[in-house]
Number of protein chains: 2
Amino acid sequence: MSVDLEAIVSDTQDGKKQELRLWLRVLSTSKLISQEIRRRLRREFDATLPQFDILSQLYREKDGLRLGELSRRAMVTNGNVTGLVERLEQDGYVARERLDDDRRVTVAMLTDKGRRTFAAMAEAHEQWLRDMLADVDPIVVSGLLTHMGQVKQSVRNHLSGEGDD
Amino acid sequence: MSVDLEAIVSDTQDGKKQELRLWLRVLSTSKLISQEIRRRLRREFDATLPQFDILSQLYREKDGLRLGELSRRAMVTNGNVTGLVERLEQDGYVARERLDDDRRVTVAMLTDKGRRTFAAMAEAHEQWLRDMLADVDPIVVSGLLTHMGQVKQSVRNHLSGEGDD
DNA sequence: GCCAGTCGCTTGAAACATGAAGTATCTCCG
DNA sequence: CGGAGATACTTCATGTTTCAAGCGACTGGC
C-alpha cells in the first residue's frame, strides 16, 4: 500500500484552522514575552517598553531621526510618537530640534545620558531573551527565524491598507 | 513594542543573538498582524481587538466566566477587564451578574446579540488569517505551530513573576 | 461570634495607542 | 507671485494597559 497522502495532509491537523491556531499561539507567546520584558524594564530601569523601543531606534542613528521616520520604524502612529518623545525629552534621554531647511521637520536624537542608559538596557534585554529561550534548541530558533520571516512577508503581501514598509 | 530593532542585530547569522533576533521578528510580525486585524475589525464591525478577545473567551463558555478567570484567559489585568466588560455591557453584547453564593464574584456572559455578532466576527477573522498566511506553506505553518509551542513553554519556565498558567 | 487576613473586583493615575481633525510649513502649477 | 495641495507634526477624543490602592465580602483561628 502506498502512503496515504490524505493522512499526511490531515496530519497537519484540521487543515483550515491551522492559520488561526498559529496566529493565536504567536499572539499569546508575544504577549507573554512582552509582559515579562515590561516587568523587568520597569523593575530594573524604571522604563517602559515603548520607550525602550524609541531609544533603540535612535541609538544607532547618531544624527537622529525625523519624527515621521521614527514613528514608521517603531511602528507607532505619528500622534503617538509625539508624546513618547516628549516624555523621553523631559527625562533627559532625548533632544528635539527643528530643522532650519524645513521648519515642519523635527529631529530627535539621543543625549549622552540617553546613550549611556540605553546601552545598559540593551545588554540586559539581550540577556533576558537568551534566558527565556534557553530551553529551545538553537536549530529550532534558527528555523523559526526563517519561517517567521516567511509569515511576515506573506502578511505584508496581503495588507488591506495602502502603506508598505 | 517594536520591530525594526531587528536591524540592530542584523550583523551575523549564528551569533549569540539569534534569540534576540527571533524575538524581534516575532514581535514585529505579531504587531503587523494585530494592526491589520484591528483595522478590519474597526472597519467592518466597529469593534476593537481586546473586545473581540473578550467576546471569543465568552463565546465558548455558555455559562459565562468569572471576571478573574476571564482576565486570566485573555491575558489582561483585572483592572483592565472591568472597563472592557463595562463597555461591552453598554453595547449590549455582554451581561454581568453577581453570584449569590459569593457576593464578591461577578460572572460575565454573552447576550444573544453578543453571540450572534461574535459568530460573524469570528468567521471573518478566521478568513482574514487564512488570507494573510496564504503564501506560507501549510507544512511550515504546522511546524511553526509546534515550535512556537516550545518557545512559549520555555518562556513560561523562565518567568520572574510568581504566577504560572 | 471576632477580626485579621485574604479574595474578587473596582477605581485612579499615568502611559500607551489609534484615527481623525487641526496647524504650520513647504511646493509647485498656473 | 498666489493659492491649492501635500507634508510634518500636534492635538483631541476615545479606548487599552499597567500598577497600586481601595472596598466590600468571605474565611479561619481564636
Side-chain angles (χ1 to χ4, degrees), chain A residues 27 30-32 34-43 45-55 64-72 74-91 93 96-108 160-163, chain B residues 1-3 30-32 34-43 45-55 64-72 74-91 96-108 161-163:
Chain A
L27 181 57
S30 168
K31 255 185 181 168
L32 200 59
S34 287
Q35 284 172 350
E36 180 67 12
I37 293 179
R38 210 185 299 275
R39 193 158 33 222
R40 299 198 195 191
L41 271 180
R42 176 185 193 74
R43 201 174 49 204
F45 296 99
D46 196 38
T48 69
L49 191 45
Q51 285 170 2
F52 175 79
D53 252 15
I54 298 294
L55 293 180
L65 283 172
R66 302 147 69 104
L67 294 192
E69 178 64 11
L70 184 54
S71 92
R72 197 188 62 77
M75 290 180 84
V76 299
T77 55
N78 289 342
N80 198 355
V81 98
T82 296
L84 282 167
V85 169
E86 220 162 64
R87 265 165 252 129
L88 288 169
E89 194 176 30
Q90 280 176 355
D91 292 347
Y93 297 128
R96 237 186 322 188
E97 196 176 352
R98 276 189 122 68
L99 271 197
D100 282 334
D101 284 8
D102 184 339
R103 305 289 300 159
R104 292 170 305 178
V105 173
T106 301
V107 168
S160 65
E162 64 294 328
Chain B
M1 52 186 67
S2 135
V3 169
S30 166
K31 209 169 184 179
L32 200 59
S34 287
Q35 284 173 347
E36 179 67 11
I37 293 179
R38 211 185 299 276
R39 192 158 36 223
R40 298 198 196 193
L41 273 179
R42 176 183 193 74
R43 201 173 50 203
F45 296 100
D46 196 37
T48 68
L49 188 46
Q51 286 169 2
F52 176 79
D53 249 20
I54 298 293
L55 293 179
L65 283 172
R66 302 149 71 104
L67 294 192
E69 178 65 10
L70 183 54
S71 92
R72 199 187 60 77
M75 294 178 80
V76 298
T77 55
N78 288 343
N80 198 354
V81 98
T82 296
L84 282 167
V85 169
E86 219 162 64
R87 264 165 252 126
L88 288 169
E89 193 176 30
Q90 280 175 356
D91 291 346
R96 238 185 322 189
E97 196 175 353
R98 276 189 123 70
L99 270 197
D100 283 334
D101 285 8
D102 185 338
R103 304 292 297 161
R104 292 170 303 178
V105 174
T106 300
V107 169
E162 64 294 327

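Note: hydrogens, waters and symmetry copies are ignored here, and every other heavy atom, side chains too, is used. Numbers restart at 1 for each chain; the letters A, B, ... are given by sequence-line order, proteins then strands.
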Please list each protein N or O that sits under 3.5 Å from an N or O in nucleotides 17-24 of chain D, with the distance.
residue : atom : partner : partner atom : Å
dT17(D) : OP2  : N80(B)  : ND2          : 3.3
dT17(D) : O5'  : N80(B)  : ND2          : 3.3
dT18(D) : OP1  : Q35(A)  : NE2          : 3.4
dT18(D) : OP2  : T77(B)  : N            : 3.2
dT18(D) : OP2  : T77(B)  : OG1          : 3.4

Between the protein and nucleotides 3-5 of chain C, list every N/O to N/O distance that falls short of 3.5 Å.
none

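T82(A) comes within 4.0 angstrom of a nucleotide base, judged by non-hydrogen atoms across all strands. Looking at heavy-atom distances under 4.0 Å, D102(B) makes contact with sugar-phosphate atoms alone, never a base. The residue R98(B) sits apart from the nucleic acid: no heavy atom pair falls under 4.0 Å. Counting non-hydrogen atoms under 4.0 angstrom, D53(B) reaches nothing in the nucleic acid.
Atom P of nucleotide dA6(D) and atom CZ of R103(A) are separated by 24 Å, given to the nearest angstrom. The CG atom of L49(A) sits 21 Å away from the P atom of dA14(C) (whole-angstrom rounding). Distance, D91(A) CG to dA15(C) C1': 12 Å, rounded to whole Å. Between the P atom of dT25(C) and the CG atom of D100(A) lies a distance of 13 Å, rounded to the nearest Å. Straight-line distance from the CZ atom of R72(A) to the C1' atom of dC9(D): 17 Å, rounded to whole Å. Nucleotide dC9(C) holds its P atom 6 Å from the CZ atom of R66(B), rounded to whole Å. Computed from coordinates, the F52(A) CZ to dA15(C) C1' distance equals 18 Å when rounded to whole Å. To the nearest angstrom, P of dC7(C) lies 17 Å from CG of L67(B).
Residues passing the side chain to side chain contact (heavy atoms under 4.5 Å, CB included) test with L27(A) are W23(A), S30(B), S34(B), sequence neighbours excluded. For R98(A), the side chain to side chain contact (heavy atoms under 4.5 Å, CB included) test picks out R103(A), T106(A), with sequence neighbours left out. Applying the salt bridge (charged side-chain N to carboxylate O under 4.0 Å, His left out) test to D91(B) and every residue at least two apart in sequence or in another chain returns nothing. Partners of R42(B) according to the salt bridge (charged side-chain N to carboxylate O under 4.0 Å, His left out) rule, which considers only residues two or more places apart in sequence or in another chain, do not exist here.
In this structure, the separation between CG on L84(B) and CD on Q51(B) is 7.0 Å, given to the nearest 0.5 Å.
Across the interface with DNA chain C, nearest-nucleotide mapping of L99(A) and Q51(A) shows Q51(A) to be the residue nearer the 5′ end. Taking for each of T48(B) and V105(A) the nucleotide of DNA chain D with the nearest heavy atom, the 5'-most of the two is the partner of V105(A).
A salt bridge does not link D102(A) with R66(A): none of the charged nitrogens is closer than 4.0 Å to a carboxylate oxygen.
Between T82(B) and E86(B) there is a side-chain heavy-atom pair separated by less than 4.5 Å. A heavy-atom distance below 4.5 Å is not found between the side chains of L67(B) and N78(B).
The backbone N or O of A74(B) lies less than 3.5 Å from a partner atom in the side chain of K31(A), making a donor-acceptor pair.
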